[in-house]
Protein chains: 2
Amino acid sequence: MAKPPKQNSPITEHLAYLLAQANREINRQLELRLSKEGVPVEQWRILKVLSDGEGHSMGELADAVLLNHPTLTKMIDRMVSDTLVYRVQDPNDRRKVLMFISDRGKVLCKKLNSLAVDQEEHILESYGDKSTSELKRLLESLIDSSN
Amino acid sequence: MAKPPKQNSPITEHLAYLLAQANREINRQLELRLSKEGVPVEQWRILKVLSDGEGHSMGELADAVLLNHPTLTKMIDRMVSDTLVYRVQDPNDRRKVLMFISDRGKVLCKKLNSLAVDQEEHILESYGDKSTSELKRLLESLIDSSN
DNA sequence: TTGAAAATATTGAATATTCAAGAATTGAAG
DNA sequence: CTTCAATTCTTGAATATTCAATATTTTCAA
């Protein structure tokens with residue numbers, strides 16, 4: 001007599017698990033590079049978003065860098081201490097705070113960008129051009145379909 | 001005179017960012033479902049790994065569920081209190097602790113599995129069969145190429 | 001215009017995670 | 001054997017994150 005059909009797939013087959021695993025690994029690699037400048041990944045994201053020179057509100061930033069509000073507030077506090085960014089009250093809506101990148105922040109951001117580009121190149125090498133762009137496409141579309 | 005070429009892609013184009021975003025979203029959805037049973041995603045993963053009935057050491061488990069050792073120890077402490085799992089010292093290597101799932105754990109795990117299957121089905125519907133399996137394939141291969 | 005509801009950001013307490021150190025056991029070289 | 005290094009897990013202190021509550025400002029309906 002045959003075994004009953006396997007009804008529960010192992011965890012390693014779940015999309016949620018694969019995403020977590022891939023994210024963890026890629027993030028670990030990026031972390032490693034950015035640690036050369038002693039900066040956590042989230043701070044790099046913040047600097048990168050702000051490096052358009054425009055003012056961005058805390059809510060906008062929180063969405064963009066995938067952090068919730070209180071966590072962002074506390075991280076920004078640290079970055080203000082390090083004079084990487086600064087706060088300005090929004091003149092049009094005084095509930096809001098606009099964040100700007102400082103000159104020092106811009107300099108740091110450039111260094112971080114090149115470290116990040118190193119990583120992307122490393123991925124392209126070991127994983128391949130085609131796979132990378134296809135994966136990006138699929139991820140974007142998954143994110144879209146989840147809203 | 002033309003602008004210099006844009007040298008820094010926006011953060012939303014980085015693979016690391018897309019992975020983080022997709023992971024966050026899918027995880028949020030799964031969390032929402034599992035919260036019906038009041039169980040965090042990591043505990044579901046632990047139960048699922050242990051549900052093969054074999055004993056798994058803490059180190060093995062930590063790798064499998066993407067948690068580092070101290071975090072896992074403390075989570076297991078909670079699960080032991082809830083009598084979902086139990087510890088047995090490995091008779092062959094007394095440095096090791098073997099974790100087992102309890103009967104109560106098995107019952108809970110089944111309920112959680114069906115909640116998780118609901119989610120996977122929901123993804124299949126909105127995102128499509130083909131995209132899902134292609135995405136899984138690419139993620140597996142990315143993970144492979146990162147070792 | 002006024003007052004209630006919504007939006008925005010921060011704070012503080014509770015909770016969780018991480019880092020570094022410690023305890024126990026095993027392995028292995030001398 | 002004995003001793004020293006490596007492995008495995010846990011603990012406690014430091015750090016970070018989250019939840020709930022608060023303060024401020026804006027919006028909008030009555």
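Sequence lines set the chain letters: A, B, ... in the order given, protein chains first and strands last, and positions in each chain run from 1.
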May I ask you to decide whether E134(A) forms a salt bridge with R137(A), counting only side-chain N to carboxylate O separations under 4.0 Å? yes
Go through R24(B) and Q21(B) one step at a time and tell me if the side chain to side chain contact (heavy atoms under 4.5 Å, CB included) criterion holds. CA-CA 5 Å; R24(B) 187 185 161 85; Q21(B) 200 181 358; 5.7 Å; no
For R78(A), is there an ion pair with E42(A) - N to carboxylate O distance below 4.0 angstrom? no
For DNA chain C, the residues among residues 35-48 of chain A that have a non-hydrogen atom under 4.0 Å from it: none
Report the distance from atom CD1 of I76(A) to atom P of dT17(D), rounded to the nearest whole Å. 13 Å
Under the side chain to side chain contact (heavy atoms under 4.5 Å, CB included) rule, collect the residues that match up with V39(A), sequence neighbours excluded. E37(A), Q43(A), L108(A), L112(A)
Correct closest heavy-atom pair for L32(A) and S35(A) would be O-OG, 2.6 Å
Closest contact, heavy atoms only, Y17(A) versus D63(B): OH-O, 4.3 Å
For residues R45(A) and A20(B), report the shortest heavy-atom separation together with the two atoms involved. NH2-CB, 3.6 Å
Ignoring the backbone of M75(B), work out which of dT10(C), dT17(C), dT10(D) is nearest its side chain. dT17(C)
Interatomic distance, L72(B) CG vs dT8(D) P [rounded to whole Å]: 14 Å
Contact check, residues 57-66 of chain B vs DNA chain D, heavy-atom distance under 4.0 Å, returns S57(B), M58(B), G59(B)
Expressed in angstrom and rounded to an integer, what is the separation of H69(B) atom NE2 from dT7(D) atom C1'? 10 Å
What residues in residues 77-96 of chain B put a non-hydrogen atom under 4.0 Å from any atom of DNA chain C? R78(B), D93(B), R94(B), R95(B)
salt_bridge(E31(A), R28(A)) N-O dist < 4.0 Å: no
Ring-plane angle category for Y86(B) and F100(B), please: parallel below 30°, perpendicular beyond 60°, tilted otherwise. parallel
Which heavy atom in K48(B) sits nearest to a heavy atom in P10(A), and how many Å separate them? CE-C, 4.3 Å
Kindly determine whether K96(A) and Q89(A) satisfy side chain to side chain contact (heavy atoms under 4.5 Å, CB included), including the steps that lead there. CA-CA 6 Å; K96(A) 293 186 184 173; Q89(A) 198 175 54; over 6 Å; no
Through direct or indirect side-chain contacts below 4.5 angstrom among Ile, Leu, Val, Met, Phe, Trp and Tyr, which residues connect to I143(B)? L15(A), L18(A), L19(A), I26(A), I123(A), Y127(A), L135(A), L138(A), L139(A), L142(A), I143(A), L15(B), L18(B), L19(B), I26(B), I123(B), Y127(B), L135(B), L138(B), L139(B), L142(B)
Between Q29(A) and S146(B), the two heavy atoms sitting closest are NE2-CB, 3.7 Å
Please list each protein N or O that sits under 3.5 Å from an N or O in nucleotides 18-21 of chain D, with the distance.
| residue | atom | partner | partner atom | Å |
| --- | --- | --- | --- | --- |
| dT18(D) | OP2 | N68(A) | OD1 | 3.1 |
| dT18(D) | OP2 | N68(A) | ND2 | 3.2 |
| dT18(D) | OP2 | T71(A) | OG1 | 3.0 |
| dT18(D) | O4 | K74(A) | NZ | 2.5 |

Without decimals, in angstroms, what is the distance between L98(A) CG and dT8(C) P? 12 Å
